[in-house]
Asker: 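Handing you a structure now.
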Amino acid sequence: MSKKILIAGIILTCSLFSCQSQDEEKQMVEKKLFGKLAGGEEVYEYKLKNSAGAEVKIINYGATVVSLMMPDRNGKIEDVVLGYDSLEGYVNDKSYFGSIVGRYGNRIDKGKFKLDGKEYHLTLNDGENHLHGGTLGFNKALWNVDSATSSDNGSSITMSYLSKDGEEGYPGNVKLTVVYELNNDNELSINYTGTTDKPTILNPTHHSYFNLTGDPNNTILDHELMIDSDNITPVKKGLIPTGKFSTVENTPMDFSRGVRIGEFINADYAQIKLGFGYDHNWVLNKHQGLQSKVATVYEPKSGRVLEVFTDQPGMQFYSGNFLDGTVKGKNGVVYKHRTGFCLEAQNYPDSPNHSNFPSARLEPGQTYRQTTVYRFAVK
Ligand code: GLA
């Protein structure tokens, strides 16, 4: 009798921690020490694999994607994101490589906003403005790893972070949970849920820099980009939205039919000049989640294709304009100008200061939700 209980116990334990057969072993989530923070806290790297040979490595510092291995049209698997080899790189990073940013992704004018008549003042970390949650935003936090599991359809990791009332000037204790999943269809999905105990604002996003050539020595200028959008929220100096909408028609901002990123990136056009290239929010025509493909990127040499799906109303397309050859990344590669691009699904920048933009307000009892999927394929 006790033997039976013992065997049943072993089977149960093995299935809970997915530690059995060789087939399943291929998909196991591998965990290893990535580094230690100054205070001695350990940061771990989790490797999620799928049956197609793709894999993503994620660390619990900043809930950061540190590498993403995807096949090209000949099946060659290469890393398609920028990042660092060591934890020190991420601790000192100012480019937000691969991380979850927040509480508010993108800029808030002068770091000020009002909720119920009260004015809040956020950390100013981008000239006179607030950017990506401040100096100690979600990208600089040590996240709790709630679970890391594999199933027949891929692997996933769930991480959470409790951002304390007053952190970087934001009201309310906010708990954000992020689930990264890599499935067998080469889709990396990111699911966010957030709650608060006081009215606040929440607008996290993901900040991977992609380079689909698989070689970050190449620029991203030959990638072809389609964004399903007819309007941007134009910016003034400091990349702060004016609060207006402007049509992309007949402008260098028109990606609705697909165009080489480099085609008009240096155009003599006010928005391009203000952004030092592309660094704007596109107003998405559709944003119903998995039914809504909002962007497609195609890299002709490798044949890699990246499709983005989201339920967010906007997407910041940033063409790596601030990469200037001063940052040394993975394998000692120095990241030159425009060698990575970001597609950051989110609410519009500075929405708390524009009543005509979708609201980023979160109430106690409500749950913030976001689903964004980066799907990889070849052509
Ligand atoms: C975002 C911003 C850019 C820049 C990068 C990080 O994409 O819109 O202006 O700050 O992050 O360098």
Side-chain angles (χ1 to χ4, degrees), residues 62-65 81-84 89-111 122-140 168 190 203-211 216 220 225 227 229 232-242 253 255 261 265 271-284 294-295 297 308 310 312-329 334-351 357 360 372 374:
T64 304
V65 169
V81 293
L82 309 189
Y84 304 98
Y90 290 98
V91 169
N92 297 324
D93 168 79
K94 293 201 169 58
S95 307
Y96 304 87
F97 285 153
S99 60
I100 296 293
V101 300
R103 296 184 189 188
Y104 204 93
N106 217 282
R107 294 173 175 78
I108 295 188
D109 195 5
K110 312 243 169 25
L122 305 173
T123 308
L124 305 181
N125 61 325
D126 189 46
E128 54 180 13
N129 302 313
H130 175 84
L131 173 68
H132 291 333
T135 347
L136 293 175
F138 294 168
N139 63 313
K140 299 291 183 202
E168 298 296 297
I190 313 176
N203 180 33
T205 188
H206 177 71
H207 213 292
S208 270
Y209 286 63
F210 300 100
N211 184 322
I220 46 89
L225 170 66
I227 307 177
S229 163
I232 59 159
T233 50
V235 292
K236 54 189 182 187
K237 206 172 147 269
L239 282 155
I240 299 295
T242 60
M253 314 308 275
F255 286 95
I261 291 176
I265 201 166
Q271 285 300 312
I272 295 259
K273 296 238 169 306
L274 285 161
F276 310 99
Y278 294 109
D279 194 354
H280 299 78
N281 169 58
W282 270 258
V283 174
L284 299 174
V294 299
V297 191
V308 185
T310 193
Q312 294 302 291
M315 189 179 68
Q316 185 85 5
F317 162 46
Y318 168 58
S319 52
N321 313 310
F322 299 128
L323 298 177
D324 58 2
T326 52
V327 166
K328 197 190 263 178
V334 170
Y335 294 138
K336 295 190 295 275
H337 197 214
R338 297 178 177 154
T339 49
F341 67 89
C342 305
L343 292 173
E344 306 156 50
Q346 59 191 107
N347 206 331
Y348 307 167
D350 198 33
S351 72
F357 285 3
T372 296
Y374 297 98

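Order of appearance sets the numbers: ligands from 1, and atoms from 1 within every ligand. Just so you know, these numbers use all the heavy atoms, side chains as well, and skip hydrogens, waters and symmetry mates.
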Asker: Tell me yes or no: between the side chains of Y104 and S351, is some donor less than 3.5 Å from an acceptor?
Answerer: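 A pair is found: one side chain offers a donor N or O, the other an acceptor, under 3.5 Å apart.
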Asker: Using a strict cut-off of 4.0 Å, indicate which atoms of ligand 1 neighbour a heavy atom of N106.
Answerer: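 This gives 8 (O) as the contact atoms.
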Asker: Which of parallel (below 30°), tilted (30 to 60°) and perpendicular (above 60°) describes F317 and F341?
Answerer: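 The rings of F317 and F341 stand perpendicular, inter-plane angle above 60°.
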Asker: Relative to the ring of Y84, is the ring of F97 parallel (under 30°), tilted (30 to 60°) or perpendicular (over 60°)?
Answerer: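 F97 vs Y84 ring planes: tilted.
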Asker: Quick one: which ligand 1 atoms are inside 4.0 Å of a heavy atom on Y209?
Answerer: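 Taking each heavy atom of Y209 in turn, ligand 1 has 6 (C), 12 (O) under 4.0 Å.
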Asker: Which atoms of ligand 1 are found less than 4.0 Å from any heavy atom of Y96?
Answerer: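 Near Y96, meaning under 4.0 Å from one of its heavy atoms, ligand 1 has 6 (C).
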Asker: In sequence, state the C-alpha distance, the side-chain angles, and the governing distance for I240 and V235, and then conclude on side-chain contact (heavy atoms from CB on, under 4.5 Å).
Answerer: CA-CA 5 Å; I240 299 295; V235 292; 5.9 Å; no
Asker: Going by the closest heavy atom to atom 8 (O) of ligand 1, which one wins out of D279, N281, D93?
Answerer: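 Selected option, by shortest heavy-atom distance: D279.
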Asker: Return the set of residues passing side-chain hydrogen bond (donor to acceptor under 3.5 Å, both in side chains) with S229 (not counting sequence neighbours), or none when no residue passes.
Answerer: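 Testing S229 for side-chain hydrogen bond (donor to acceptor under 3.5 Å, both in side chains), a comparison that skips the adjacent residues, returns none.
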Asker: How far is atom 1 (C) of ligand 1 from its nearest protein heavy atom, and which residue and atom name does that atom have?
Answerer: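 For atom 1 (C) of ligand 1, the nearest protein heavy atom comes out as H132 NE2, 3.1 Å.
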Asker: With under 30° as parallel and over 60° as perpendicular, where do the rings of F322 and Y318 fit, or are they tilted in between?
Answerer: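 Judged by the thresholds at 30° and 60°, the geometry between F322 and Y318 is tilted.
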Asker: Applying a heavy-atom cut-off of 4.0 Å, say which part of N321 lies close to ligand 1: side chain, backbone, both or neither.
Answerer: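 Neither part.
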Asker: Could you list the atoms of ligand 1 found under 4.0 angstrom from a heavy atom of L131?
Answerer: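 Those qualifying, in numeric order: 10 (O).
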Asker: Give me the nearest non-hydrogen protein atom to atom 7 (O) of ligand 1 as residue plus atom name, then the distance to 0.1 Å.
Answerer: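 Result: E344 OE2, 2.7 Å.
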